[in-house]
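The next block holds one structure in the form of structure tokens; read it before the comments.
All ligand and atom numbering here is 1-based and tracks the order in the structure. Only a predicted model underlies this, so the values are computations on that prediction, with no experimental measurement involved.
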Amino acid sequence: MQEIANLQAKNAEEAEALRIKYLSKKGEITQLMNDFRSVPAELKKEVGMRINELKTLAYDKINALKESAGTAASSGETSQDLTRTPYPITLGSRHPLTIVKNEIVDIFSRLGFTLAEGPEVEDDWHVYSSLNFADDHPARDMQDTFFVESHPDIILRSHTSSVQSRVMEKNQPPIRILCPGRVYRNEAVSARAHCFFHQIEGLYIDKNVSFTDLKQVLLLFAQELFGPDTKIRLRPSYFPFTEPSAEMDVSCTICGGKGCSMCKGSGWLEILGCGMVDPAVLEANGIDSSVYTGYAFGMGIERITNLKYQVKDLRMFSENDVRFLDEFTSAR
Ligand code: DAH
């Protein structure tokens with residue numbers, strides 16, 4: 001009995017060989033049945049039962065062996081353990097720009113900012129005119145903006161500030177939005193410049209919004225992104241759509257402000273432009289500037305990613321080299 005219960009077969013041929021050995025006309029079990037005649041009468045009942053049990057067991061066992069050999073053969077496998085964990089497991093990773101964008105969005109969403117989007121193929125009004133760019137502003141120049149040849153009014157947006165205008169024209173304050181997206185500029189591609197990159201724009205308009213609010217939000221943002229010891233510095237600047245305007249630096253993420261090659265010895269790194277929304281922009285977009293004020297800010301995602309991960313060449317972001325992307329598998 002034990003011998004039969006322990007039978008093994010690697011394939012259908014071996015299972016058939018077992019059937020022949022035990023159950024064929026000249027098989028061992030068949031032979032036992034033939035010998036049954038010579039068993040003394042008083043043992044016939046007992047022996048008969050045993051032989052029948054053995055025969056049933058052998059039938060079932062050999063059929064089961066044939067069946068499992070058959071399924072393994074039809075799926076092209078032999079004796080694989082299907083419960084084993086596949087190894088090595090190759091995990092995909094998020095693109096570094098997506099990781100950083102998500103982190104920025106996460107910080108501002110905790111401050112009540114919601115996402116807004118606008119088209120990458122835009123018109124001059126939303127990218128420039130509605131944002132107080134004079135007709136002869138150099139940013140409109142062929143060297144900067146991609147124009148559609150047959151429709152000079154249709155352009156690829158050169159900044160995400162166009163989404164400010166798109167949101168203002170459809171909504172009244174309070175407005176508190178964050179607009180991540182791709183932008184295009186007619187630049188020769190090199191390690192330090194690209195014809196497309198990514199920005200995130202922020203806009204907050206309500207009653208009594210002040211420059212102090214802007215400064216506080218940006219300080220919190222910088223400390224969440226680069227660590228609690230991060231300092232910020234605002235330098236006066238100029239943008240057509242904000243008045244006053246500023247550029248913001250953070251204390252160097254490498255040396256903490258002492259001066260190193262990353263910050264070129266200054267201890268500071270520029271990360272964004274910002275300011276109070278120019279009343280002319282509010283008016284051009286249908287918002288009463290005698291009631292409402294607001295602030296705006298805009299930053300390049302590649303720039304922030306470079307600071308966080310020291311990516312030296314901008315082109316790596318769009319080459320899709322798996323060896324580069326794999327370095328971010330463990331990042332958030
Ligand atoms: N649009 C600017 C650029 O592309 C960035 C910017 C500066 C956006 C100041 C703003 C802002 O909202 O207030 O360089």
Side-chain angles (χ1 to χ4, degrees), residues 101 104-105 108 111 113 115-120 122 124-134 137-141 143-146 155-168 173 175-187 192-206 209-218 221-222 232-250 269-282 284-285 287 289 292-304 306 314:
K101 181 204 77 179
I104 298 170
V105 169
F108 281 107
L111 296 167
F113 285 78
L115 288 184
E117 282 187 330
E120 292 176 19
E122 258 293 7
D124 179 277
W125 168 257
H126 291 98
V127 179
Y128 295 126
S129 298
S130 69
L131 296 171
N132 208 28
F133 279 79
H137 193 283
R140 294 169 184 252
D141 205 296
Q143 274 142 44
D144 245 328
T145 311
F146 282 114
I155 57 180
L156 295 182
R157 67 179 179 195
S158 56
H159 57 178
T160 44
S161 303
S162 55
V163 188
Q164 289 190 22
S165 167
R166 289 252 165 217
V167 171
M168 283 190 265
I175 292 171
R176 189 160 24 195
I177 50 151
L178 206 59
C179 332
R182 182 173 283 184
V183 300
Y184 302 83
R185 288 188 197 174
N186 194 358
E187 304 238 17
R192 301 172 56 84
H194 211 292
C195 58
F196 65 78
F197 54 99
H198 300 79
Q199 289 187 329
I200 289 198
E201 189 81 14
L203 175 71
Y204 176 38
I205 305 172
D206 205 345
V209 177
S210 71
F211 199 91
T212 322
D213 300 324
L214 170 63
K215 210 173 149 184
Q216 191 56 41
V217 158
L218 292 180
F221 163 67
I232 62 165
R233 169 173 94 167
L234 289 161
R235 285 176 288 103
S237 184
Y238 173 78
F239 300 103
F241 37 92
T242 45
E243 182 57 37
S245 304
E247 268 163 312
M248 185 176 99
D249 300 339
V250 290
L269 298 163
E270 185 191 318
I271 65 159
L272 56 79
C274 61
M276 299 305 292
V277 182
D278 194 308
V281 172
L282 295 176
N285 290 287
I287 291 175
S289 65
Y292 296 109
T293 51
Y295 63 67
F297 54 86
M299 67 193 100
I301 302 179
E302 277 82 352
R303 167 93 181 131
I304 308 255
N306 288 351
L314 269 183

Does any N or O in the side chain of [X] come within less than 3.5 Å of the main-chain N or O of [Y], such that one atom is a donor and the other an acceptor?
X      : Y      : answer
Glu201 : Cys179 : no
Arg303 : Ile271 : no
Ser289 : Leu282 : no
Thr145 : Ala139 : yes

Whether [X] lies under 4.0 Å from ligand 1, heavy atom:
X      : answer
Met299 : no
Met276 : no
Phe241 : yes

With atoms numbered from 1 as shown, which atoms in ligand 1 lie under 4.0 angstrom from a non-hydrogen atom of [X]?
X      : result
Gly275 : 13 (O)
Gln199 : 3 (C), 4 (O)
Gln164 : 12 (O)
Thr242 : 13 (O)
Gly273 : 7 (C), 9 (C), 11 (C)
Ser161 : 1 (N), 8 (C)

Identity and distance of the protein heavy atom lying nearest atom 12 (O) of ligand 1: Glu201 OE2, 2.5 Å
Just need the protein heavy atom nearest to atom 13 (O) of ligand 1, so name the residue and atom and give the distance. Ala296 O, 3.1 Å
Mind running side-chain hydrogen bond (donor to acceptor under 3.5 Å, both in side chains) on Arg140 and Ser129 for me, showing each step along the way? CA-CA 10 Å; Arg140 294 169 184 252; Ser129 298; 3.3 Å; yes
Report, as yes or no, whether the 6.0 Å neighbourhood of atom CZ on Arg192 holds more than 12 heavy atoms from other residues, nucleotides or ligands. no
Distance only, no hydrogens: is a donor on one side chain within 3.5 Å (strictly under) of an acceptor on the other, for His198 and Glu302? yes
Quick one: does Arg185 get an N or O within less than 3.5 Å of an N or O on ligand 1? yes
Please identify each residue that fulfils side-chain hydrogen bond (donor to acceptor under 3.5 Å, both in side chains) with Glu117, with sequence neighbours left out. none
